[in-house]
Protein chains: 2
Amino acid sequence: MSNDLDTVFAALADPTRRTILAMLLEDDMAVTDVAEPFEMSLAAISKHLVILTKAGLISQEKRGRVKWCKLEPDALRAASVWMQGFGQFEPVNLDAFERFLETELPTADDA
Amino acid sequence: MSNDLDTVFAALADPTRRTILAMLLEDDMAVTDVAEPFEMSLAAISKHLVILTKAGLISQEKRGRVKWCKLEPDALRAASVWMQGFGQFEPVNLDAFERFLETELPTADDA
DNA sequence: CGCATATTCAACCAAATGGTTGACCAAACC
DNA sequence: GGTTTGGTCAACCATTTGGTTGAATATGCG
């Protein structure tokens, strides 16, 4: 009875991971660069990236010694469809989204 | 840096809780009736309902000795907006949603 | 009152989560 | 070849999660 919605929603439930997704929305990034703004260890970020990858929310491709992370927004579609079934939400509202991104982007004292 | 998206997505990450939400989509229900199709204890369902309530996804109102659970789909709006920022998903697709519901409704051998 | 019904509380447990550190491996550079 | 750089692995730890059971608290009923 568990399906990929489990993994996707669980992946989205962590603020660090949501911030990473928002960062990748702008451009593909190397693992080290993803980790840079956070105050936790590289290994911790590496684990988060594994979780995002297993949820299908990002893909990782190794070129040379650098592993590039790429957003895979399609993985959100099933979850989005599921949620939309509960109400007639307004169509894509990029203004509201920008405000969310501002509250989610990492800062110097981000956990 | 944690906000209600944490709680909402975490609440949605459990298949039992998503099933409960789908059940409440049809009608308000008493706690005992919510628990009936599941094979776990009433106390376990009670805990799930607390989590859903804290996430704002349902509300509970006690009338007499019965506590009624009501879906609060508005709590999904912020999460939906967040997700939609990652891609131009198709508008509400009720057919797809019906299929999801079918895979999520509890059965006799549901965990 | 006395009992049944509806629901939560408390204590407990196993497993999962999110983090750490240090060792390790692979690719690139001088 | 030796060292730096990029990233993961392994072991460990504290906390949270999702479940259990049994006792407790209301409320309603005869």
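None of these values were measured; they are calculated from a predicted model. So you know, we letter chains A, B, ... as the sequences are listed, proteins then strands, and number each from 1.
Qualifying side chain to side chain contact (heavy atoms under 4.5 Å, CB included) partners for B:V50, counting only residues two or more places apart in sequence or in other chains: B:K54. Partners of A:E36 according to the side chain to side chain donor-acceptor pair (under 3.5 Å) rule, which considers only residues two or more places apart in sequence or in another chain, do not exist here. In this view, B:A10 and A:A13 satisfy the side chain to side chain contact (heavy atoms under 4.5 Å, CB included) rule, not counting sequence neighbours. Evaluation of the side chain to side chain contact (heavy atoms under 4.5 Å, CB included) rule for A:A43 yields A:S41 as partners, not counting sequence neighbours.
Here C:dG18 is the nucleotide among D:dG19, C:dT7, C:dG18 with the atom lying nearest to any side-chain atom of A:R17. Listed nucleotides: D:dT8, C:dA6, D:dA11. Nearest to the side chain of B:T32: C:dA6.
Partner of A:C69 under the side-chain contact (heavy atoms from CB on, under 4.5 Å) criterion, chosen from A:V31, A:L52, A:I20: A:V31.
If you measure from atom CD1 of B:I51 to atom C1' of D:dT16, you get 10 Å, rounded to the nearest angstrom. As a whole-Å value, the separation of B:R18 CZ from D:dG18 P is 12 Å. As a whole-Å value, the separation of A:L42 CG from C:dG19 P is 13 Å. What separates NZ of B:K54 from C1' of D:dT16 is a distance of 12 Å, to the nearest Å.
Along DNA chain D, the nucleotide nearest to A:K47 and the one nearest to A:W68 differ in position, and the one closer to the 5' end is contacted by A:W68.
For D:dT17, the OP1/OP2 oxygens have no side-chain nitrogen or oxygen of B:H48 closer than 4.0 Å. An OP1 or OP2 oxygen of C:dT8 is reached within less than 4.0 angstrom by a side-chain nitrogen or oxygen of B:K67.
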Scan nucleotides 21-29 of chain D nucleotide by nucleotide, 5' to 3', and note B when protein non-hydrogen atoms come under 4.0 Å of the base, S if they reach only the sugar-phosphate, - if neither.
-> B-----BS-
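Taking five base pairs at each end of the helix from C:dC1-D:dG30 to C:dC30-D:dG1, the local helix axes there meet at an angle of 10°, rounded to 10°.
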